[in-house]
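Predicted, not measured: the structure shown is a model, and the values here were computed from it.
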Amino acid sequence: MEKFAIFRVPETIFYGREALGNVGREAADRGGKALIISDGIMDGLGYVSRCRQYLQDHGIPSAVYLGVESEPTDRYVAEALSMLEEERCDVVISLGGGSCIDTAKAIAVLASNGGYIGDYMGGRFLADKKPLPHIAIPTTAGTGSEATDVTVITNTQDDVKMMIKQPAFMPDVAIVDPLLTVSSPKTVTAATGVDALSHAVEAYLSRRAHPMTDTAALAAIELIADNLLKAYDDDRNLDAREAMSLAAMQGGMAFSNASVCLVHGMSRPIGALFHVPHGYSNAMLLPAVLEFSKDHCIDRLADIGRIFVKDSGHLTNEECAENALASVKALCRKLNIPNLKEWGIEEEAFTNAVGKMTEDAFISGSPANNPRVPTKAELEALYHHCYDYQYTSNEKVK
């Protein structure tokens, strides 16, 4: 760890069942008219109308942008920003998965700082003006974006997922209501759950981890180990849903302050080029990347192994690290996580894209945080290894 560490989180967090009811008061404390960033599914479920009613109860009119149909893109950002300006909104509310939240983060910053969202990538342009207030309301238990200062927006011209991290992108308020996740299909519960696990595991293994991120990461891993399968098997298990919502937020806090590693570096290009949702692309890569990294993080992987396999006091760190790998692979099998081939990506197209994906992964900076930093040749080999990876296999990429 460096001489000092920084731990940033939203200024206010509401967590628990029926937490959504706080949105009206929080918006009224911060502005006069709200723009809700959501999608058609959330609107169809009635979540958007509920949010608007809570706002109306506190005298806050609202406009709604429902154009987020996939992973967030610069086009969604431009469309929603135009609506915000036309409607003269001064507070932003995101209601949905990570795509809605990341889109809202970009809008809140651009509304006061201007420019194109890609200008902020890599710190080329700093958001030094206070963004519009942003209230983030997740409806999945996965991304943890409600508690991070990171947004990932696809540049539609270059097919590059732009990972942008600055303090200004942190929401002011996070409202985490596990009841909003009950509507998630089993596939979404699985993918977002392993996404949350990826966040927590990478935060714990990151070269930039520190004691505060370790605390949040380990707490998230334990909640996920104990509750993800329960939430997957029974979508009405509210205790499991609540635990997973907390875990996702803790994982977000952890990786936002410790940074993600190789899994995320590799997954963003896959999402940009092959339109694989972020949660799935992380889940597809996590076991193979852990195998690749294991020998460089035995002790930390052992800590994770002891969480998954409770009676491990008599085992060596090497054995516990192997248990961590075996447990993550078993979890992916039970959740029916497909590999890239099973997802439907054609092998020739994937092979032709490996060079670009490797370059884009390195440019993101995330691989440099990994316990084992790959060379470009190693990263290319790892992409090929992941294409038809089997969660029952013990074969490792060298």
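No side-chain heavy atom of Ser183 sits under 4.5 Å from any side-chain heavy atom of Thr139. For the pair Glu146/Met249, a side-chain contact is recorded, criterion being any heavy-atom separation below 4.5 Å from C-beta on. The shortest distance between side-chain heavy atoms of Glu318 and Lys294 falls below 4.5 Å. Here the side chains of Asp43 and Ser38 are not in contact, with every heavy-atom distance at 4.5 Å or above. The closest side-chain heavy-atom distance from Leu335 to Leu229 is below 4.5 Å. For the pair Ser245/Thr181, a side-chain contact is recorded, criterion being any heavy-atom separation below 4.5 Å from C-beta on. Residues Leu205 and Ser293 form no side-chain contact, since every pair of their non-hydrogen atoms from C-beta on lies 4.5 Å or further apart. Using a 4.5 Å cut-off on side-chain heavy atoms (C-beta onward), His264 and Val150 make no contact.
Phe255 and Val176 are not part of a single hydrophobic cluster, where members link through side-chain heavy atoms under 4.5 Å apart. Linking Ile, Leu, Val, Met, Phe, Trp and Tyr whenever their side-chain heavy atoms come within less than 4.5 Å puts Tyr391 and Met266 in one cluster. Using a 4.5 Å cut-off between side-chain heavy atoms of Ile, Leu, Val, Met, Phe, Trp and Tyr, with links allowed through other members, Val263 and Met162 fall into different hydrophobic clusters. In the hydrophobic clustering of ILVMFWY residues, with side-chain heavy atoms under 4.5 Å counting as a link, Tyr47 and Val92 come out apart. One hydrophobic cluster, built from ILVMFWY side chains closer than 4.5 Å, cannot hold both Phe292 and Val373; they sit in different ones.
For the residue pair Tyr76 / Asp39, no side-chain donor-acceptor distance below 3.5 Å is found, with atom types taken as modelled. Judged by distance alone, the side chains of Asn257 and Thr213 never bring a donor and an acceptor atom under 3.5 Å apart. In summary, the side chains of Ser206 and Asn369 do not present any donor paired with an acceptor at a separation below 3.5 Å, with no hydrogens or angles considered. Side-chain contact of Arg268 with Ser281: a donor-acceptor pair under 3.5 Å is absent, judged by distance alone. In summary, the side chains of Asp299 and Asn317 do present a donor paired with an acceptor at a separation below 3.5 Å, with no hydrogens or angles considered. At a cut-off of 3.5 Å, with distance as the only test, no side-chain donor of Asn323 or Glu319 sits close to an acceptor on the other residue. In this model, no donor atom of one side chain and acceptor atom of the other lie less than 3.5 Å apart for Tyr387 and Glu347. A donor atom on one side chain and an acceptor atom on the other are not found under 3.5 Å apart for Ser364 and Lys161.
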Could you go step by step and tell me if Arg241 and Thr189 meet the side-chain hydrogen bond (donor to acceptor under 3.5 Å, both in side chains) rule?
CA-CA 9 Å; Arg241 291 280 182 187; Thr189 297; 3.1 Å; yes
Go through the steps to decide whether Thr148 and Lys105 satisfy the test side-chain hydrogen bond (donor to acceptor under 3.5 Å, both in side chains), and finish with yes or no.
CA-CA 10 Å; Thr148 77; Lys105 288 179 177 181; 2.7 Å; yes
I would like to know whether Thr103 and Tyr65 meet side-chain hydrogen bond (donor to acceptor under 3.5 Å, both in side chains); could you show each step before the answer?
CA-CA 11 Å; Thr103 301; Tyr65 174 78; over 6 Å; no
Please report the C-alpha distance between Leu379 and Leu262 in whole Å, then the side-chain angles of each, then the deciding distance to 0.1 Å, and finally whether the side-chain contact (heavy atoms from CB on, under 4.5 Å) criterion is met.
CA-CA 9 Å; Leu379 187 48; Leu262 185 54; 3.8 Å; yes
Does the side-chain contact (heavy atoms from CB on, under 4.5 Å) test come out yes or no for Met253 and Met212, once each step is laid out?
CA-CA 10 Å; Met253 291 176 179; Met212 290 186 71; over 6 Å; no
Test His278 against Glu71 for side-chain contact (heavy atoms from CB on, under 4.5 Å), laying out the working first.
CA-CA 8 Å; His278 180 69; Glu71 299 284 293; 3.3 Å; yes
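In this structure, OG on Ser112 lies 5.5 Å from CG on Leu132, to the nearest 0.5 angstrom. With rounding to the nearest 0.5 Å, the separation of SG in Cys51 from CD1 in Ile36 is 4.0 Å. The line from CG of Leu290 to CG of Leu285 is 10.5 Å long, rounded to the nearest 0.5 Å. Between the CG atom in Leu20 and the CD1 atom in Ile137 there is a gap of 5.5 Å [rounded to 0.5 Å]. Atom CG of residue Leu228 and atom CE of residue Met244 lie 4.5 Å apart, to the nearest 0.5 angstrom. Atom CD of Glu222 and atom CD1 of Ile307 lie 5.5 Å apart (nearest 0.5 Å).
Side-chain atoms of Asn352 come within 3.5 Å of backbone N or O of Glu348 as a donor-acceptor pair. Side chain of Glu342 to backbone of Asn339: a donor-acceptor contact under 3.5 angstrom is found. Checked by atom type and distance alone, the side chain of Asp90 pairs as donor or acceptor with a backbone atom of Lys33 at under 3.5 Å. Using modelled atom types, one side-chain atom of Gln390 and one backbone atom of Asp388 make a donor-acceptor pair closer than 3.5 Å. A donor-acceptor contact shorter than 3.5 Å is absent between the side chain of Thr12 and the backbone of Val173. Side chain of Asn370 to main chain of Cys261: no donor-acceptor pair is present (N/O by atom type, distance under 3.5 Å, no hydrogens or angles).
A salt bridge links Arg17 with Asp239: the distance from a Lys NZ or Arg NE/NH1/NH2 to an Asp or Glu carboxylate oxygen falls below 4.0 Å. Using a 4.0 Å cut-off between charged nitrogen and carboxylate oxygen, Lys165 and Asp149 count as a salt-bridge pair. Arg306 has a carboxylate O that lies under 4.0 Å from a charged side-chain N of Asp303, or vice versa, which qualifies the two as a salt bridge. Ion pairing between Glu291 and Arg372 fails under the 4.0 Å rule for side-chain N and carboxylate O. Using a 4.0 Å cut-off between charged side-chain N and carboxylate O, Asp226 and Lys310 make a salt bridge. Taking 4.0 Å as the cut-off between side-chain N and carboxylate O, Lys356 and Asp158 do not count as a salt-bridged pair.
Under a cutoff of 6.0 Å and an axis angle of 45°, Arg300 and Tyr204 form a cation-pi pair. With Tyr232 as the aromatic partner, Lys186 meets the cation-pi criteria of under 6.0 angstrom to the ring centre and within 45 degrees of the ring axis.
Residues Ile224 and Ala247 share a closest heavy-atom pair of CG1-CB, 3.6 Å. Annotation for Leu301 and Leu325: closest pair CD1-CD2, 4.5 Å, computed over non-hydrogen atoms. The minimum heavy-atom distance linking Ser256 with Met170 is given by the pair OG-CE, 4.3 Å. Residue Phe125 comes nearest to Gln166 through the heavy atom pair O-NE2, 2.8 Å, listed as atom of the first residue, atom of the second, then distance. Here the closest non-hydrogen pair linking Leu273 and Ala353 is CD1-CB, 3.9 Å. In plain terms, the two heavy atoms of Gly305 and Ser312 that are nearest each other are O-OG, 4.3 Å.
Using bins of under 30°, 30° to 60° and over 60° for the plane-to-plane angle, the ring pair Tyr383/Phe350 lands in the perpendicular bin.
Close placement of the Tyr389 and His385 rings is indicated, their centers lying within 6.0 Å of each other.
Around the CZ atom of Arg236, the shell of radius 6.0 Å holds no more than 12 heavy atoms that belong to other residues, nucleotides or ligands.
In this structure, Phe308 has no ring pair (Phe, Tyr, Trp, His ring centres under 6.0 Å) partners at least two apart in sequence or on a different chain.
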